[in-house]
Amino acid sequence: MTKEAIERADEQLLAELGYKQEFKRAFTPLEVFGIAFSIIGLLPSIASVLLYSLPNGGPSAMVWGWAVASFFILCIGMSMAELASAAPTSGGLYFWTHSLSSPRCRNLLSWIVGYANTIGSIASVASIDWGCAVQVAAAINIGNQSFVATQAQTFGIYVAIIFSHAAICSLGTNVLARLQNLYIVLNFCLCFIVIIGLPAATPKEYMNSASFALGNFSNVNGWPSGYAFILSLLSPLWTICSFDSSVHISEEASNAATAVPWAIVSAIGIAGILGWAINVALAFCMGTDLTSLIDSPQPMAQIFLNSFGQTRTLVVWSFVVLGQYMMGSSMVLAASRQSFAFARDGALPFSSILYRMNRFTGTPVNTVWFVAAIATLLGLLSLAGAQAINAVFALSVTGLYVAYSIPIAARFIFTNNFKPGPFNLGIFSLPVAVIAVSFMTFMDVVFFFPTTPETNTPNMNYTVVVLGGVLVLSLVWYYFPVYGGVHWFTGPVSNVGKVDAAEGVSRDSASVDIKVGAVVVEKDVEAL
Ligand SMILES: *[C@@H]1O[C@H](CO)[C@@H](O)[C@H](O)[C@H]1NC(C)=O
């Protein structure tokens, strides 16, 4: 197919789903993969969450926890990829929920999914950028061992990072799309530095035996071993998450019905295998003194320091920070697109302000800054106690899992006319979906409990407070007398034929537009 033919097919599929083309289709299939893969951001991510697997099982949790989790995550990804192939739209999860659920509850369910997805994506932004701030602080610590950042200093670095990301994501999509290629290369280089370079550089006293690296189970926090192992899964689950990001740029991707599902599945597959290799390399090269690693400002930075020495660690570590930084900018991009789609349907507070396409940059600048502002607020949790920021990491997984489970389940629970796209699993669809949804439900329940057995306020788990709070408030708003969503929210609103968002046209005209949509689309195409 020629480029024009692919473009026309993409636009036609989107029009069938009820939306007109508002974004440029600037992302090639490789770049769609790049978005998912760079948000997974393998090595920098593993660096950020190593402190969740180290105390909850040590080497066994790192190596076998990763393998177990990868299998389940792949099931989730494949179920999602099927939906993405059938209906590639930037509303994704929440659009699917509406079209697959029974008319009696579809509005409420897509409302819940939209909110869970929004808060989960913003929590991903917050946790990635928090991880980045900790890494920046660790970089200073590597250069000058007497410096250990306070929570307040780390928060300052965090805010600076978020704001710079918002500035970058306000730029045009072309710049962001081209950057993806650089992200992929950097990510792969970092992986191989650890898988090959680390074992070569590690001095004998830090090299571990196979029986330690593959068999030692060190459980420091005091939970029963089985439960500790399950908690350690937060590391892989957080690392290989947010792969719905590829879905949110569906309307900016060429050949979306094939490119998006394959981007999801291959990003998960590659991340699962390479991430496992990284964990194995770390387990062999981290020495046996796990307590000193857990107590260090950044466990992976400490492992590098022991193996590479100061100078080489500084070089490698600055690339880790850069990778994490790029991951944050991709995540702000994805979260802003998700909020944009949700605001397009009027569901977010102040939707009419948020749903604006900046005419100059061609990007939704207002939702970018909305995401940055909420993420900054979530970061304030870091000041509530040493453990409180953990909730933001768990929140990004639990929020997204609520949003992922509902459409995957809805497809099989309700009567609907689901038409598989080019990517589908055939007879394996149902079993894979059952595994995926059961696993996500189970993990959501697990992460609502505190991460250490002695619960006092600093160690309490804020995940349930924040996610529960957001979901309850969204329900209150849904059922609010007169103004609540129940009185007007009808799920994804078709905008075919609507005038550009930049022109600031009110949503009231949407119902009229749908009827005349077909005609106006033709006019739009001619105008191009
Ligand atoms: C694991 O390693 C730690 C630290 O070397 C040691 O204290 C512990 O006994 C080991 N546990 C097992 C089950 O091998």
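Side chains included, hydrogens not; waters and symmetry mates left out as well; all remaining heavy atoms used. First listed ligand is number 1; within each ligand, the first listed atom is number 1. Positions are given from 1, in the same order as the sequence printed here.
- Counting the atoms of ligand 1 from 1 in the order shown, those under 4.0 Å from a heavy atom of Ser218 are 1 (C), 2 (O), 3 (C).
- Below 4.0 Å from some heavy atom of Thr288 lie the following atoms of ligand 1, by number and element: 4 (C), 5 (O).
- Using a 4.0 Å threshold on non-hydrogen atoms, atom 7 (O) of ligand 1 does not count as touching the protein.
- Defined by atom type and a distance below 3.5 Å, a donor-acceptor pair is present between the side-chain atoms of Ser242 and Ser124.
- Between Phe33 and Phe37, the two ring planes are parallel [angle under 30°; tilted spans 30° to 60°].
- With no hydrogens or angles considered, a side-chain donor-acceptor pair links Gln324 and Ser48 at under 3.5 Å.
- Classified by interplanar angle (parallel below 30°, tilted 30° to 60°, perpendicular above 60°), the ring pair Tyr115/Phe342 is perpendicular.
- Of the listed options Asp289, Asn216, Asn219, Asn216 places a heavy atom closest to atom 2 (O) of ligand 1.
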